[in-house]
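Comments concern the structure below.
In the text below, chain A, chain B and the rest are named by the order of the sequence lines, each starting its count at 1. Keep in mind that the numbers below use all heavy atoms, side chains included, and drop hydrogens, waters and symmetry copies. Keep in mind that this is a model prediction, so the values were computed, not measured.
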There are 2 protein chains.
Amino acid sequence: MDSELTHSAQDYLEAIFLLADRQGLTRVKEVADRLDVKKPSVVSAIKALQKKGLVVHQHYGCLELTSEGEELAKDIHRRHQVLFRFLHHILGVKAETAETDACRLEHHISPQTLALLIKFVEFTETYPERDKTPKWLDSFQRFAATGEAPPCLDRASGECRCK
Amino acid sequence: MDSELTHSAQDYLEAIFLLADRQGLTRVKEVADRLDVKKPSVVSAIKALQKKGLVVHQHYGCLELTSEGEELAKDIHRRHQVLFRFLHHILGVKAETAETDACRLEHHISPQTLALLIKFVEFTETYPERDKTPKWLDSFQRFAATGEAPPCLDRASGECRCK
DNA sequence: GAAAAAAGTTAGCCCTGGGTAACTTAATTG
DNA sequence: CAATTAAGTTACCCAGGGCTAACTTTTTTC
């Protein structure tokens with residue numbers, strides 16, 4: 001059993017996971033629309049996932065993840081979410097762009113980088129206070145938006161004026 | 001003239017740029033070794049770059065970027081560098097991994113994200129003082145390395161203890 | 001300067017992952 | 001329940017981008 005998933009296989013897996021209704025079912029058409037590909041592309045991608053035992057699909061019927069497929073999909077989605085939060089909440093990339101970038105980046109990131117990115121997102125979301133934007137991030141966002149030096153800093157000396 | 005460069009074309013362009021000696025010349029072999037591909041792959045990639053007027057290459061001879069090719073290569077490399085600095089200096093990804101990740105990520109990032117990432121790197125490298133690690137980054141790096149809450153923060157309250 | 005080694009090239013293969021056209025099955029509706 | 005429409009499928013095709021094997025040219029070296 002070839003356990004390696006291609007990039008596109010991961011996209012399909014994640015999409016099926018996200019589209020599943022309460023009964024865990026979705027449809028070829030849904031997947032095609034979501035990923036912006038044509039139905040035959042979905043069908044052939046699903047054949048591959050089926051062969052690996054990650055998806056169940058009877059002819060002309062619904063799609064369903066196996067439990068193994070669901071585990072993988074959750075993992076893929078977790079990665080995706082971290083990237084999205086980093087891009088959108090920290091860098092300030094607009095939601096739509098962050099979404100598509102996250103989608104493309106998630107396949108090209110090493111485990112080490114992912115782990116550190118998770119820590120980075122966790123760090124900024126947790127300190128100094130949960131769900132409160134840290135001062136430095138606030139400074140950065142102002143800087144990014146206006147090009148202004150951080151408000152509590154003197155540009156010339158680089159010294160903090162608000163000790 | 002098809003002006004769009006494929007991902008791999010960008011890699012080749014950047015590699016040629018970085019390998020060029022003082023006379024701006026390099027060799028198929030060099031490129032192949034650097035990108036970890038075989039020579040025939042280089043040859044066919046170069047044919048495409050040649051057709052777009054980005055590279056000059058005579059049979060059995062040296063490779064050289066045209067000025068247009070060099071402009072593009074510099075731009076590609078700038079992107080690469082920003083990513084590397086973000087990954088290595090900010091997140092703390094080890095240099096080797098940061099290098100390969102940067103190489104892979106650079107093709108999958110939107111202009112908006114790149115622009116913000118540049119600002120982010122610039123911000124952390126400039127404030128509060130040029131080339132001095134900001135306090136928050138220091139906190140993050142300790143947190144990433146040890147899992148400890150930032151030293152100047154009380155984890156329970158989230159309040160800063162060192163006002 | 002001839003023989004060996006290294007570099008470059010060509011031809012042809014393979015896999016990924018998209019697409020269209022044409023067909024079949026299922027669902028909807030008058 | 002027959003006709004229409006929508007969904008799913010199949011059989012192709014195409015481009016990107018790598019590879020190997022075999023050949024040619026250039027460079028080295030004895």
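Rounded to an integer number of Å, the gap from I46(A) CD1 to dT9(D) P is 8 Å. Atom CG in L13(B) sits roughly 16 Å away from atom C1' in dG17(D) (whole-Å rounding).
For DNA chain C, the neighbouring residues in residues 34-42 of chain B, judged by any heavy atom under 4.0 Å, are K39(B), P40(B). Listed by residue number, the members of residues 25-32 of chain A with any heavy atom below 4.0 angstrom from DNA chain D are R27(A), V28(A), K29(A).
One finds a side-chain N or O of H57(A) lying less than 4.0 angstrom from the OP1 or OP2 phosphate oxygen of dT9(D).
Partners of E64(B) under the side-chain hydrogen bond (donor to acceptor under 3.5 Å, both in side chains) rule, at least two apart in sequence or in another chain, do not exist in this structure. In this structure I118(A) satisfies the side chain to side chain contact (heavy atoms under 4.5 Å, CB included) test together with R78(A), V82(A), L114(A), sequence neighbours excluded. For R27(B), the side-chain hydrogen bond (donor to acceptor under 3.5 Å, both in side chains) criterion is met by no residue, not counting sequence neighbours. Looking at residues two or more places apart in sequence or on another chain, you find a side chain to side chain contact (heavy atoms under 4.5 Å, CB included) between A45(B) and Y12(B). Every residue two or more places apart in sequence or in another chain that forms a side chain to side chain contact (heavy atoms under 4.5 Å, CB included) with T146(A) is listed here: R142(A), E148(A). Not a single side chain to side chain contact (heavy atoms under 4.5 Å, CB included) links S44(A) to another residue, sequence neighbours left out.
Contacts classified as salt bridge (Lys or Arg N to Asp or Glu O under 4.0 Å) and involving residues 81-110 of chain B (residues at least two apart or in different chains) are given here: R85(B)-E125(B). Residue pairs meeting the ring pair (Phe, Tyr, Trp, His ring centres under 6.0 Å) criterion with at least one member in residues 52-76 of chain B, sequence neighbours excluded, do not occur. Identified under the salt bridge (Lys or Arg N to Asp or Glu O under 4.0 Å) test for residues 6-25 of chain B, with sequence neighbours left out: none.
Residue whose closest nucleotide on DNA chain C sits further toward the 5' end, between T6(A) and G61(B): G61(B).
The aromatic rings of F123(A) and F120(A) sit parallel to each other, their planes meeting at less than 30°, with 60° as the upper class boundary.
Bracketed by its first and final contacts, the part of DNA chain C lying under 4.0 Å from non-hydrogen atoms of chain B reaches from dA7(C) to dT10(C) in 5' to 3' order.
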